[in-house]
Amino acid sequence: MMKIRSIRGMNDLLPDQSPLWQYLEETVQGLLARYGYREIRFPVLEQTELFKRSIGEVTDIVEKEMYTFLDRNGESLTLRPEGTAGCVRACEQGGLLNQAQRLWYRGPMFRYERPQKGRLRQFHQFGAEVFGLEGPDVDAEMLVMTHRLWQELGLASHVHLEINSLGTADDRARYRAALVSWLRERSDRLDEDSRRRLDSNPLRILDSKHPDTQALLADAPRLSQHLGDESVEHFRRLRALLDAAGVDYQVNERLVRGLDYYGKTVFEWVTGSLGAQGTVCAGGRYDGLVEQLGGKPTPAVGFGLGIERLVLLLDAAQAVPDSIARQVDAYLVGVGDVQAAVFTTAERLRTLCPVLRLQTHCGGGSFKSQMKKADRSAAALALIVGEDEAAAGTVTVKDLRGERPQQTLPVDEAAALINNTNP
RNA sequence: GCGGUUGUAGCUCAGUUGGUUAGAGCGCAGGAUUGUGGCUCCUGAGGUCGCGGGUUCGAUCCCCGUCAGCCACCCCA
């Protein structure tokens, strides 16, 4: 019989990897909480229309990368390709947008793409969104916060920040017209993909990887010269705040981002250590989106952070903390016919040592093999209950990693010892 | 959707210019050591050589197809 495999690009997280994910998730969540962000959860599945209206009809995400299918009643549904649209929908529906909100979420996103390093069909993101604040102070706060994250994760030397301003919708429309007419006169020098984008999404031509196209663009009209006073001032103040906070950045005029709803501030944290998919965290301002989805005009900024990419980067940067290797603090073994005593001892210890991660050996086997398992578990302590201990109500505490001598103590005293010595 | 590359043990990989029982290291299980793990030594389990077809006396090896993984393009976190 044919074995069933997981769907392409949808990976399992096996237990050897999950401690690293937990470490990362706890670090990020802790940081968000320290900046006053609150968690929001919303479905993985939404009406297709939501994504078409927010991401943009002619973006690649909507055109060819969405997991879309018909529900039993004929309604078109889509597995979320990103979080912002659903977050806005949920906030609007939940009546949250009549005041400022700092929110975060985490979970799987889905895009029908060819998998490669750092890119999966089901991938996982943290998202943070702020509503009701015009910035640029919150824009800067987000960058200061993510900057702190890299420091806490030990990745500060592996990422750099690129920022740009896309201006207001009007600024962009004027620039788009100027760029398109300029490029059209030289369309014979454009690569095929870029020529196609002339009609669909001309700004994306700016960050084409094609060398000839990049060379051509050197003389093209510049977005920065089409920004209105408001956008220029917003960007200037953002840079001043970053300077004051000591956050290094590069202004990248070619940084345009792929989703239609961005305007004014856009940014990417990029690493060179991950191959072709070097963007680890990216986002920007989207002041028009809430209104576009039927709400009141509401300024907003947000970013997404790719968990898989961050896990890869932690490995590449050798920034995985040693502490996650130990998932069990103590391993309790039983010698002889002492099963009842094993359980009562273990339960007593779990009551008296509430933070102790205590694994009891099950499945029998020789004392020697049980000790071997205790060692392999990476536990710091082996706890031994033999016939003698069972009869006396004691337990033997053996330090597997350090120099402390082995001791046989009444269970309550052993618990006190463990509480005093175990981290 | 296009291109490149790789599929041999749980993992990392040897191997055969086509020839009997396909190997190693790590891991796993047991033992040397009947209440003490790690180090050492011994033993053992574990393989449709991705799948299907073809050539051949004979294919893990050669040919064709197919599937999957990886990397890259496009795009994005």
Side-chain angles (χ1 to χ4, degrees), chain A residues 1-3 5-9 11 14 16 55 58-66 80-84 106-128 146 191-194 196-197 200-201 204 207-210 255-259 262 267-271 274-284 302-313 331 333-336 338 361 363 365-390 396-402 406 408:
Chain A
M1 185 136 98
M2 189 68 173
K3 275 187 188 162
R5 291 182 51 91
S6 66
I7 293 170
R8 169 187 291 223
N11 290 177
L14 299 179
D16 280 354
I55 297 168
V58 295
T59 56
D60 279 16
I61 291 180
V62 168
E63 279 181 349
K64 56 176 194 181
E65 293 174 1
M66 294 207 302
R80 61 183 185 195
E82 55 104 42
T84 301
R106 144 168 87 87
M109 308 292 164
F110 303 84
R111 287 183 204 169
Y112 192 89
E113 302 179 277
R114 196 63 154 258
Q116 73 186 68
K117 188 182 181 76
R119 198 179 71 185
L120 294 169
R121 288 186 173 181
Q122 175 175 327
F123 61 103
H124 297 79
Q125 276 187 345
F126 267 96
T146 43
D191 63 278
E192 197 182 325
D193 283 318
S194 295
R196 179 174 54 79
R197 289 197 209 108
S200 57
N201 201 347
R204 294 230 30 107
D207 65 0
S208 165
K209 285 180 187 168
H210 202 94
L255 180 64
V256 293
R257 317 262 325 120
L259 288 68
Y262 285 117
F267 58 86
E268 288 190 5
W269 286 99
V270 183
T271 178
L274 243 44
Q277 311 301 326
T279 303
V280 118
C281 172
F303 67 81
L305 187 151
I307 299 181
E308 282 85 355
R309 289 184 186 179
L310 227 32
V311 167
L312 287 172
L313 185 55
Y331 193 101
V333 306
V335 203
V338 293
H361 180 84
S366 67
F367 184 34
K368 180 188 164 64
S369 71
Q370 292 190 43
M371 283 302 289
K372 198 165 185 165
K373 289 223 166 65
D375 185 51
R376 294 291 159 87
S377 77
L381 299 174
L383 304 177
I384 301 160
V385 175
E387 310 269 5
D388 298 346
E389 288 90 343
T396 296
V397 181
K398 181 184 171 86
D399 183 2
L400 292 172
R401 315 292 159 197
Q406 175 174 318
T408 300

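Values in this document were obtained by computation on a predicted structure and should not be read as measured data. Chain letters run A, B, ... following the sequence lines, proteins first and then strands; every chain starts at 1. Computed from heavy atoms alone, side chains included, the values below leave out hydrogens, waters and symmetry copies.
- The CD-C1' distance, from A:Gln122 to B:rA77, rounds to 14 Å in whole Å.
- Listed by chain and number, the residues in a salt bridge (charged side-chain N to carboxylate O under 4.0 Å, His left out) with A:Asp375 are A:Arg401 (sequence neighbours excluded).
- Atom P of B:rG25 sits at a distance of 13 Å from the matching atom of B:rU40, rounded to the whole Å.
- Comparing B:rG3 with B:rG38, their C1' atoms sit 50 Å apart, to the nearest whole Å.
- No side-chain donor-acceptor contact under 3.5 Å links A:Gln406 and A:Thr396.
- For A:Leu274 and B:rA72, the CG to C1' distance is 14 Å, given to the nearest whole Å.
- Residue contacts for A:Val280: at a heavy-atom cut-off of 4.0 Å it reaches the sugar-phosphate backbone alone, with no base atom in range.
- Nucleic acid contact for A:Leu120: base, since at least one base atom lies under 4.0 Å from a heavy atom of the residue.
- With P as the reference atom, B:rG35 and B:rG31 are 10 Å apart, rounded to whole Å.
- For A:Arg309 (side chain) and A:Gly118 (main-chain N/O), a donor-acceptor pair under 3.5 Å exists by modelled atom type.
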Report task. Start with the C-alpha gap between A:Ile7 and A:Arg121, add the side-chain angles, then the distance that decides, and say whether side-chain contact (heavy atoms from CB on, under 4.5 Å) holds. Result -> CA-CA 9 Å; A:Ile7 293 170; A:Arg121 288 186 173 181; 5.5 Å; no

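- Atom CG of A:Leu400 sits about 5.5 Å away from atom CE of A:Met371, to the nearest 0.5 Å.
- A close approach under 4.0 Å does not occur between any side-chain nitrogen or oxygen of A:Gln116 and OP1 or OP2 of B:rC70.
- A:Gly275 comes within contact range of the sugar-phosphate backbone alone, with a heavy-atom separation under 4.0 Å but no base atom that close.
- Between the side chain of A:Gln122 and the backbone N or O of A:Asn11, no donor-acceptor pair lies under 3.5 Å.
- The side chain of A:Pro115 has B:rC70 as its nearest neighbour among B:rC70, B:rA77, B:rG30.
- Using a 4.0 Å heavy-atom criterion, one finds that A:Ala374 contacts no nucleic acid atom at all.
- From A:Arg111, atom CZ reaches atom CE of A:Met66 across 11.0 Å, with rounding to the nearest 0.5 Å.
- As rounded to the nearest Å, B:rU60 and B:rC70 have P atoms that lie 27 Å from one another.
- Closest to the A:Phe123 side chain, of the nucleotides B:rG30, B:rA77, B:rA72, is B:rA77.
- In this structure, CD of A:Gln277 is placed 11 Å from C1' of B:rC71, rounded to the nearest angstrom.
- Spacing between B:rA22 and B:rG47 at atom C1', rounded to whole Å, works out to 9 Å.
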Query raised in the report: Could you walk me through whether A:Glu387 and A:Val338 pass the side-chain contact (heavy atoms from CB on, under 4.5 Å) check?
Result: CA-CA 6 Å; A:Glu387 310 269 5; A:Val338 293; 4.2 Å; yes

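- A straight line from CZ of A:Phe110 to C1' of B:rA77 spans 14 Å, rounded to a whole angstrom.
- Atom P of B:rU33 sits at a distance of 40 Å from the matching atom of B:rA14, rounded to the whole Å.
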Check nucleotides 35-45 of chain B against the protein and report each pair of N or O atoms closer than 3.5 Å, with its distance, or say if there are none.
from: B:rG35; atom 1: O6; to: A:Glu387; atom 2: N; distance (Å): 3.4
from: B:rG35; atom 1: O6; to: A:Asp388; atom 2: N; distance (Å): 2.9
from: B:rG35; atom 1: O6; to: A:Asp388; atom 2: OD2; distance (Å): 3.1
from: B:rG35; atom 1: O6; to: A:Glu389; atom 2: OE1; distance (Å): 3.3
from: B:rG35; atom 1: N1; to: A:Glu389; atom 2: OE1; distance (Å): 2.7
from: B:rG35; atom 1: N1; to: A:Glu389; atom 2: OE2; distance (Å): 3.2
from: B:rG35; atom 1: N2; to: A:Glu389; atom 2: OE2; distance (Å): 2.7
from: B:rU36; atom 1: O2; to: A:Lys398; atom 2: NZ; distance (Å): 3.3
from: B:rU36; atom 1: N3; to: A:Gln406; atom 2: OE1; distance (Å): 3.0
from: B:rU36; atom 1: N3; to: A:Gln406; atom 2: NE2; distance (Å): 3.1
from: B:rU36; atom 1: O4; to: A:Gln406; atom 2: NE2; distance (Å): 2.4
from: B:rG37; atom 1: O2'; to: A:Asp375; atom 2: OD2; distance (Å): 3.4
from: B:rG37; atom 1: N1; to: A:Leu400; atom 2: O; distance (Å): 3.1
from: B:rG37; atom 1: N2; to: A:Asp375; atom 2: OD1; distance (Å): 2.9
from: B:rG37; atom 1: N2; to: A:Leu400; atom 2: O; distance (Å): 2.7
from: B:rG37; atom 1: N3; to: A:Asp375; atom 2: OD1; distance (Å): 3.3
from: B:rG38; atom 1: O4'; to: A:Asp375; atom 2: OD2; distance (Å): 3.3

Under-3.5 Å N/O pairs linking protein and nucleotides 1-6 of chain B:
none

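- Here the side chain of A:Gln370 pairs a donor or acceptor atom with the backbone of A:Gly365 at under 3.5 angstrom.
- The heavy-atom pair separating A:Leu255 from A:Phe267 by the smallest distance is CD2-CA, 4.0 Å.
- For A:Glu268, the salt bridge (charged side-chain N to carboxylate O under 4.0 Å, His left out) test picks out A:Arg257, with sequence neighbours left out.
- The interatomic distance linking A:Arg5 (CZ) with B:rG50 (C1') rounds to 10 Å, in whole Å.
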Query raised in the report: If pairs are Watson-Crick or G-U with both distances under 3.5 Å, what is the dot-bracket string of RNA chain B, marking crossing pairs with [ ] and pairs to another strand with |?
Result: (.(((((..((((.....[...)))).(((((.......))))).....(((((..]....)))))))))).)....

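- One P atom belongs to B:rC13, the other to B:rU17, and the distance between them is 23 Å to the nearest Å.
- The separation of B:rG18 from B:rC71, taken at their C1' atoms, amounts to 32 Å, rounded to a whole angstrom.
- Here the side chain of A:Glu82 pairs no donor or acceptor atom with the backbone of A:Met109 at under 3.5 angstrom.
- Remark: A:His361 pairs with A:Tyr331 by the side-chain hydrogen bond (donor to acceptor under 3.5 Å, both in side chains) rule, at least two apart or across chains.
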